[in-house]
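Ligands are counted one by one from 1 in listed order, and the atoms in each one are counted from 1 as well. The residues of the chain are indexed from 1 along the displayed sequence. Reckoned from all heavy atoms, side chains included, excluding hydrogens, waters and symmetry mates.
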Amino acid sequence: MQKFVSLILFLPLSLIAAPTTFSKDVAPVLYQRCVTCHRPNNIAPMSLIDYKSARPWAKSIRESVLKRKMPPWFADPRFGHFSNDARLSEKEIELIKSWVDGGSPEGDPKDLPPVPNFADGWQIGKPDIVIDIGEDHKVLPGEDSYDHFIVETHFKEGKWIRAAEIKPGNRRVVHHVHVLLVQDDLGKMEVASTRNMPSLQQFLIKEAKLTRVRPDAPVVNDACDPNAPNLPFLHGFQEGGLAAFLPGRPPDLFPDGTAKWIPAGAKLEFVIHYAKIPGQVQTDRTSVGLYLAAEPPKIPLRRMDLRNFFFQIPAGAPSHEVKRCYTFEKDTLLLSFTPHMHYRGKDITYDLVHANGTRETLLAVPHYDFNWQLVYRLRDPVRVEKGATLVVSAHYDNSPNNRANPDPAKTIRWGDKSEEEMMTSWIEFLEPSPASIAQTGRR
Ligand code: HEC
């Protein structure tokens with residue numbers, strides 16, 4: 001009998017797994033999956049770096065991961081594989097759930113993994129070169145603005161960069177930032193598919209620091225229609241910028257073996273969207289960190305920006321379609337997609353129609369959310385042959401059912417303001433030689 005009792009006492013102890021703790025089990029997941037946003041002075045409302053800050057959020061963390069609201073990720077899992085896929089694995093979700101269900105214990109702080117180091121606020125380490133907007137810029141309360149700052153790089157020779165990270169100077173007002181090479185410098189890169197296009201300016205209205213399309217500009221919702229008029233940027237593409245800072249977007253870290261070129265004497269242009277906040281004047285000094293490539297890449301990395309400036313979304317329309325196509329003039333490898341719309345953006349799909357007529361979906365975002373401006377980086381570059389067409393189809397919900405809709409009674413056209421709309425896609429790509437395509441391409 002004595003023996004039997006001790007056996008019972010002994011068994012459960014050895015069979016019950018150790019409780020799931022913050023330090024040992026949960027912190028590694030949070031550090032890997034959450035703290036790029038959930039750390040002090042970043043975009044998320046609370047830090048998840050230490051137990052004390054994370055503990056009060058335990059129930060809310062459980063719910064947000066079970067419902068897959070966090071981390072933010074919007075690609076339809078039926079299409080494509082993405083290297084920055086933010087979705088947690090079932091195992092990670094189970095871990096968080098069992099931690100919270102077990103009373104969210106801290107465990108032994110000695111078990112904590114090393115806290116990720118965000119050196120001076122840089123996510124990907126200390127940059128080789130930092131360039132800022134050149135002034136302490138005053139942001140007045142109460143209105144949105146787009147400000148442009150052109151600054152010298154003072155580069156005596158051209159440089160290849162393998163990454164660029166934008167650091168907003170004042171997160172309270174900096175909504176998003178683009179860093180572009182000034183157009184004159186682009187010309188030297190043999191690019192500019194946009195060179196022969198008619199000027200867009202005649203179709204635009206500029207008011208203070210904001211631009212929008214004139215209400216009486218021609219309307220083209222379907223730029224893929226072969227009979228669509230030849231208006232600026234409905235065909236070809238605009239050469240994309242160097243780097244971007246957008247809510248939820250990781251820094252521009254280019255794939256291994258690729259790099260972007262900044263010519264000698266180049267100037268950078270910062271385009272900063274300052275969001276309206278009430279209260280006193282704010283100051284901002286945003287900068288970009290550049291990370292040099294060890295050697296020139298075999299193939300330079302480029303970005304094509306596809307836009308339709310000429311759509312018109314009727315008042316109240318629940319699912320208004322706007323399209324844009326691009327037919328490739330060279331064999332190309334596609335690397336990533338960044339869709340951009342505003343509050344009325346509902347969904348967006350990227351289909352590739354091959355020269356032989358077969359069609360495949362490369363990315364579908366069925367529930368677009370303006371609060372998140374994510375980049376979808378293809379795990380394997382998609383090889384596109386000359387003559388294939390990329391079809392971008394977006395839908396806008398201008399009805400009262402769209403909770404984010406600022407005004408369903410308005411007809412909407414292109415405009416800088418978040419209350420107007422955009423239809424933009426940035427697509428990173430390589431134009432390699434046929435031989436290197438055979439080595440790196442997907443098929
Ligand atoms: C890309 C940035 C980002 C990542 C990555 C991210 N979050 Fe968030 N999270 C936010 C932001 C911004 C908010 C506030 C806005 C919102 O709720 O949408 C938020 C909100 C939350 C909330 C809700 C807070 C509330 O007010 O109720 C929880 C809980 C949460 N996050 C947990 C997590 C967890 C757990 C992870 C990792 C598994 C994670 N988040 C990853 C940016 C992020």
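- For atom 15 (C) of ligand 1, the nearest protein heavy atom is 4.0 Å or more away.
- Considering only non-hydrogen atoms, atom 27 (O) of ligand 1 lies nearest to Ser60 out of Ser60, Cys34, Pro45.
- Under a 4.0 Å heavy-atom criterion, Glu92 is not in contact with ligand 1.
- The ligand atoms of ligand 1 that sit less than 4.0 angstrom from a heavy atom of Cys37 are 1 (C), 2 (C), 3 (C), 4 (C), 5 (C), 42 (C), 43 (C).
- Trp99 places a side-chain N or O within donor-acceptor distance of the main-chain N or O of Pro105, the cut-off being under 3.5 Å.
- Close approach to Trp57 involves these atoms of ligand 1, each under 4.0 Å from a residue heavy atom: 24 (C), 25 (C), 26 (O), 27 (O).
- Near Pro72, with a cut-off below 4.0 Å to any heavy atom, the atoms of ligand 1 are 1 (C), 3 (C), 4 (C), 6 (C).
- Summarising the contacts of atom 35 (C) of ligand 1 with Ile61, Leu88, Leu374, the nearest heavy atom is found in Ile61.
- Between Glu90 and Arg68 there is a salt bridge, since at least one side-chain N of the basic residue sits less than 4.0 Å from a carboxylate O of the acidic one.
- Applying the 4.0 Å criterion to heavy atoms of Met46 picks out, from ligand 1, the atoms 22 (C), 24 (C), 28 (C), 29 (C), 30 (C).
- Summary of contacts: the protein heavy atom closest to atom 19 (C) of ligand 1 is Met70 CE, 3.2 Å.
- For Asn398 (side chain) and Thr411 (main-chain N/O), no donor-acceptor pair under 3.5 Å exists by modelled atom type.
- A donor-acceptor pair under 3.5 Å is absent between the side-chain atoms of Asp351 and the main chain of Val391, judged by distance alone.
- For the side-chain contact (heavy atoms from CB on, under 4.5 Å) with Ile313, the qualifying choice from His320, Lys410, His395, Arg413 is His320, the only one to do so.
- The existence of a salt bridge linking Asp50 and Lys52 is excluded, since no basic side-chain nitrogen approaches an acidic carboxylate oxygen closer than 4.0 Å.
- In this structure, CH2 in Trp414 is found 7.5 Å from NE2 in His342, a value given to the nearest 0.5 Å.
- From the protein, the heavy atom lying nearest to atom 5 (C) of ligand 1 is Arg33 O, 3.4 Å.
- At least one N or O atom of His38, backbone or side chain, sits closer than 3.5 Å to an N or O atom of ligand 1.
- Checked against Leu362 for a side-chain contact (heavy atoms from CB on, under 4.5 Å), the options Val384, Leu390, Thr349, Ile427 give a single hit: Leu390.
- Annotation: atom 42 (C) of ligand 1 to nearest protein heavy atom, Trp372 CH2, 3.4 Å.
- In summary, no N, O or S atom of Ser64 is located under 2.8 Å from atom 8 (Fe) of ligand 1.
- Between Arg379 and Asp85, none of the side-chain N atoms (NZ, or NE/NH1/NH2) sits under 4.0 Å from a carboxylate O, so this pair counts as no salt bridge.
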